Amino acid sequence: MAMEPELPINSLLKGKIPGEGTGIEVKKTICSICNPLSHCGIDAYVKDGVVIKVEGTKENPHNAGTLCSKGASSRQYIYHQDRIRTPLLKKGDRGSGEFEPISWDDALDLIAERFIKLKEESGPESVVFFAGYSKWMRPFLKRLAHSYGSPNYTTESSLCHLATVLAARLNYGSPAGVPEISKTGCLVVWGANPFYSNTSKVREILDARERGMKIIEVGPLLTPITAHADIHLRIRPGTSGALALGMAHVIIEEGLYDKDFVENWTHGFEEYRAYVKEFSPAVTEGITGISSSLITKAARLYATTKPAAMMTGASPTVHHTNGIQNHRALTALIGLTGNYDQEGGNYLVPPSYVSVPNGVVTREAEFVQSRPWQEMPPRIGQDVYPVWCKMAPEGQAMHLPFQIRSGKPYPIRAMLAFGLNHRMWAGSDFMLESLKMLDFIVDVDLFMTDTARIADLVLPACSSFERSELKFYQEQHVIWTSPAIKPLGESRSDADIIFDLAKRIAPDDSLMGQGYEACVDWILEPAKLKVKDIKKHPGGYTLKDVKMPPYRKYKKKGFPTPSGKMEFISSVLEEAGQDPLPRFKEPVLSPRSSPEVAKEYPLILTSGARLPMFIHSRTFRLPWTKGLRPDPMVDINAKDAETRGISSGDWVSLSTKRGAIRVRAHLTEIVSPGVVNIYHGYPQADINLLIEPDYLDPISAYPGFKALLCEVKLITEGMRRM
Ligand SMILES: Nc1nc2c(c(=O)[nH]1)N[C@H]1C(S)=C(S)[C@@H](COP(=O)(O)OP(=O)(O)OC[C@H]3O[C@@H](n4cnc5c(=O)[nH]c(N)nc54)[C@H](O)[C@@H]3O)O[C@H]1N2
Ligand SMILES: Nc1nc2c(c(=O)[nH]1)N[C@H]1C(S)=C(S)[C@@H](COP(=O)(O)OP(=O)(O)OC[C@H]3O[C@@H](n4cnc5c(=O)[nH]c(N)nc54)[C@H](O)[C@@H]3O)O[C@H]1N2
Ligand code: SF4
Ligand SMILES: [Mo]
């Protein structure tokens, strides 16, 4: 057999071929640019300590070799010029943007000195511990906060996802469960766009579709799912609750509900039945804008397909001024149709580690609560949002700017933040100005951001390529990553920063004193897993024989609600003086609820629907992803554009009563006439400047990002010069 001629080394190098000759090694790591349900496996091609290429890890069952546009841009992310390379101490006035380098020891000692003093002067509750969208360090940060003595551990979950869990828990005492897509006959995709927001989940949906699974999509926008859906219920933004009540009306009137479940396992059905009577298909059509025949058809399809599952988004249904009640109304349909904790329906699997439910039993919840709530002062927001604080294991960060300003019920003086982005808050300028009122701000981030610029101390975090972490996947795959490259500059892993701080500000926490890996081992103890064993598999491995929890667990234990049943009328809300029914209310700003405002601002504004190449503030700065949409854009229907003399690509002003931003018009059928949509977080066109900081749901404090009123106007030459 003829030997293959050996390729010259230059060709091998050009082709980035790993091997001894080229000195290129493939190191296994994960991408953590987006959410913890993803964190795709990455093969990092490393030469001389530098990542020269990335590929998806083929043997990782979650992403199976694929990467999205963001993950494919990893090299631009990890080597970006905005990466902070050394700890920085503020010089001069807050916000001057001037810093000087400082050593890690000096930085950590300074934090310790300030925090110990603040504790003596104003109590540990005056210090807030905050985590932005990143979640991997959260178990350690929460424990640090409580071991220090502060109840004020807050996160981005104050406006993301957790309210959906809270709403479901008001109904069921537990979350709504994971849709078992591979086993279901009908999937309702309610306010979610997994093609953009959870890409690695899509294969499962398409496979199920191929075997005949029906799809009902609910949402105001056209999404890639729409092309696969049997029915698309294109609601007016903010009217999910009404639609759910309308569907319940049909299901109950036509006797399509699960009578056995309702009779034996629910509380308050008669009151609920009486209430949903008001939502006939005709009435529901008037509110939601969907034809009564389509509402009836969807209700019948969902209720008569056995089993049927519901996938709800992480936040679109709760980003409303009536978010909790809307989400209660739609998750109530799961129980009504007998699909709760049911095979092929919504299956209840508790989270194992950092939000990922995969059946592995751990002690994460026990680990994080190092001090019980009763031994600490009330949390931020506890006085105004008592139901939130009762149901969520953290403070309410949306209330933070208000408490900073009022000093009530006690002053907030300092903040230790991991990834703080003021543009996350509605009324982002209000938040930024509130932060400036603090005595001391520490922000740990990869990049020098506009928020970091107002901190007293900025600490450089490293990326997932440069650190070690435990990662669980829903597919029961587990990895303990090893750094693929050295941390850039003097940057460090968030976990190392937290554990070094623990020694200084929580010296009595003996478990934290044992260090990071010992704590992870402690969390994993019930699963009989150890870091040192997981480490032996660089790309991770798939756990065998994980015992998944049984279906219909309530049959043995009842529901963990005050009544022990699923609650159509919530005892917790009743006790808190809130409406116990999942009552529909119009968004506070809508053409129906505020016609006076609508005269000047006639368009419905919905913000933040995900785009595949952007993730919050993270990827605007990367040339590859930014190149896919170089300027901020607002989606507007051609009809609305025409009446305003706007053509595609024109610069327009998008305004609400609170202010205006300058963006380009994107004429598209994605939005229906009367609705405009814009992505959130653009630094040069921040939509949250146009939303009032108190435009919040009264139960969860989630901002009404996805339904308010606005106007779009062409920027004329005169205005352009302004
Ligand atoms: N590429 C990318 N992926 C991401 C993110 C990102 O920024 N970029 N962010 C991550 C985070 S933090 C989150 S929270 C998730 C969010 O991701 P998803 O939960 O999928 O939410 P969105 O993409 O915001 O919106 C999905 C759909 O909700 C519908 N919708 C909007 N308003 C309403 C409403 O009032 N009612 C109903 N029923 N539907 C509505 C719209 O049709 C929209 O297409 O994505 C995560 N994944
Ligand atoms: N109008 C409107 N506003 C919205 C939304 C909307 O739909 N509409 N969505 C809301 C939702 S659901 C969310 S989740 C929030 C987004 O929440 P944000 O917290 O604003 O999200 P990011 O900008 O992704 O991350 C914040 C910071 O964390 C840094 N970071 C990244 N990785 C790490 C790490 O490993 N360690 C450390 N220390 N820092 C890191 C990033 O560089 C960034 O500066 O926005 C919310 N705001
Ligand atoms: S979906 Fe994209 S951004 Fe998210 S973890 Fe995977 S590659 Fe990274
Ligand atoms: Mo989110």
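First listed ligand is number 1; within each ligand, the first listed atom is number 1. No hydrogens, no waters, no symmetry mates; every other heavy atom, side chains included, goes into these values. Just so it is clear, the structure is predicted and the values come from calculations on it, not from any experiment.
Within the cation-pi definition used here (under 6.0 Å to the ring centroid, within 45° of the axis), R618 does not qualify as a partner of Y77. In this structure, K626 fails the cation-pi test against F620, since its NZ or CZ atom is not both closer than 6.0 Å to the six-membered ring centre and inside 45 degrees of the ring normal.
Ligand 1 has L611 within reach: a non-hydrogen atom of the residue lies less than 4.0 Å from it. Contact analysis puts K70 in contact with ligand 1, with a non-hydrogen atom separation below 4.0 angstrom. For A707, the closest heavy-atom approach to ligand 1 does not fall below 4.0 Å. Contact analysis leaves H161 out of contact with ligand 1, as no non-hydrogen atom separation drops below 4.0 angstrom. Taking a 4.0 Å cut-off on heavy atoms, H320 registers as neighbouring ligand 1. The closest approach between a heavy atom of S315 and any atom of ligand 1 is below 4.0 Å.
The residue from P587, S197, P224 that puts a heavy atom closest to atom 20 (O) of ligand 1 is S197. For the residues P194, G191, P220, S157, the heavy atom positioned nearest atom 33 (C) of ligand 1 is part of P220. When P316, C34, G313 are ranked by how near their heavy atoms come to atom 21 (O) of ligand 1, first place goes to P316.
In summary, the atoms of ligand 1 found under 4.0 Å from a heavy atom of Y196, numbered by their order in the structure, are 1 (N), 2 (C), 3 (N). Annotation for ligand 1: atoms under 4.0 Å from non-hydrogen atoms of N35 are 46 (C), 47 (N). Every atom of ligand 1 with a heavy atom of G238 under 4.0 Å away is listed here by number and element: 34 (C), 35 (O). Atoms of ligand 1 found under 4.0 Å from any heavy atom of F614, numbered from 1 in the order shown, are 1 (N), 2 (C), 6 (C), 7 (O), 8 (N). Contact atoms of ligand 1 toward G219: 39 (N), 42 (O) (distance under 4.0 Å to a heavy atom of the residue). Residue-ligand proximity, P612 to ligand 1, at heavy-atom distances under 4.0 Å covers atoms 1 (N). For ligand 1, the atoms sitting less than 4.0 Å from at least one non-hydrogen atom of W190 are 38 (N), numbered in the order shown with element in parentheses.
Contacts between I615 and ligand 1, counted as non-hydrogen atom pairs separated by less than 4.0 Å, involve both the backbone and the side chain. Contact annotation: for C160 versus ligand 1, heavy atoms closer than 4.0 Å belong to the side chain alone. Of all the heavy atoms of Y679, the ones lying under 4.0 Å from any atom of ligand 1 belong exclusively to the side chain. Contacts between S240 and ligand 1, counted as non-hydrogen atom pairs separated by less than 4.0 Å, involve the side chain only. Counting heavy atoms under 4.0 Å from ligand 1, residue T223 touches it through the side chain alone. Residue-level proximity to ligand 1 for Y133 is carried by the side chain, the only part with a heavy atom below 4.0 angstrom.
Atom OG1 in T481 sits 12.5 Å away from atom NZ in K27 (nearest 0.5 Å). Considering CZ of R169 and OG1 of T331, their distance stands at 13.0 Å, rounded to 0.5 Å. Atom OG1 of T656 is separated from atom CG of L589 by 8.5 Å, given to the nearest 0.5 angstrom.
Note: no N/O pair closer than 3.5 Å links I235 and ligand 1 by distance alone. Checked by distance only, ligand 1 and P237 stay at 3.5 Å or farther apart across all their nitrogen or oxygen atoms. The N/O atoms of H680, backbone and side chain alike, include none that comes under 3.5 Å of an N/O atom in ligand 1.
Side-chain contact between S240 and H320 is absent, with no heavy atoms from C-beta onward closer than 4.5 Å. Within the 4.5 Å cutoff, the side chain of P139 has heavy atoms near those of the V354 side chain.
Residues passing the side chain to side chain donor-acceptor pair (under 3.5 Å) test with E692 are R658, sequence neighbours excluded. Residues meeting the side-chain contact (heavy atoms from CB on, under 4.5 Å) test with A309, sequence neighbours left out: P179, T184, L187, N346. In this structure, the side-chain contact (heavy atoms from CB on, under 4.5 Å) partners of P483, at least two apart in sequence or on a different chain, are S468.
At least one donor-acceptor pair closer than 3.5 Å links the side chain of S607 to the backbone N or O of F705. Judged by distance alone, the side chain of H161 and the main-chain N or O of S315 form no donor-acceptor pair under 3.5 Å.
Taking the six-membered ring for Trp and the full ring otherwise, the centers of F195 and H228 sit less than 6.0 Å from each other. Between H62 and H477, the ring center distance fails the sub-6.0 Å criterion. Between F279 and H249, the distance separating the two ring centers is not shorter than 6.0 angstrom. Centroid-to-centroid, the aromatic rings of F130 and W425 come within less than 6.0 Å.
Among protein heavy atoms, the minimum distance from atom 43 (C) of ligand 1 is reached at L221 CD1, 4.0 Å. Looking from atom 9 (N) of ligand 1 to the surrounding protein, the closest heavy atom is R610 NE, 3.1 Å. Looking from atom 19 (O) of ligand 1 to the surrounding protein, the closest heavy atom is A314 N, 2.8 Å.
At a cut-off of 3.5 Å, with distance as the only test, no side-chain donor of Y353 or N358 sits close to an acceptor on the other residue. Side-chain N/O atoms of S428 and D686 include a donor and acceptor closer than 3.5 Å. Side chains of D494 and W136: a donor-acceptor N/O pair is present below 3.5 angstrom, by distance only. Judged by distance alone, the side chains of E285 and S292 do bring a donor and an acceptor atom under 3.5 Å apart.
Excluding waters, the count of protein N/O/S atoms less than 2.8 Å from atom 8 (Fe) of ligand 3 comes to 1.
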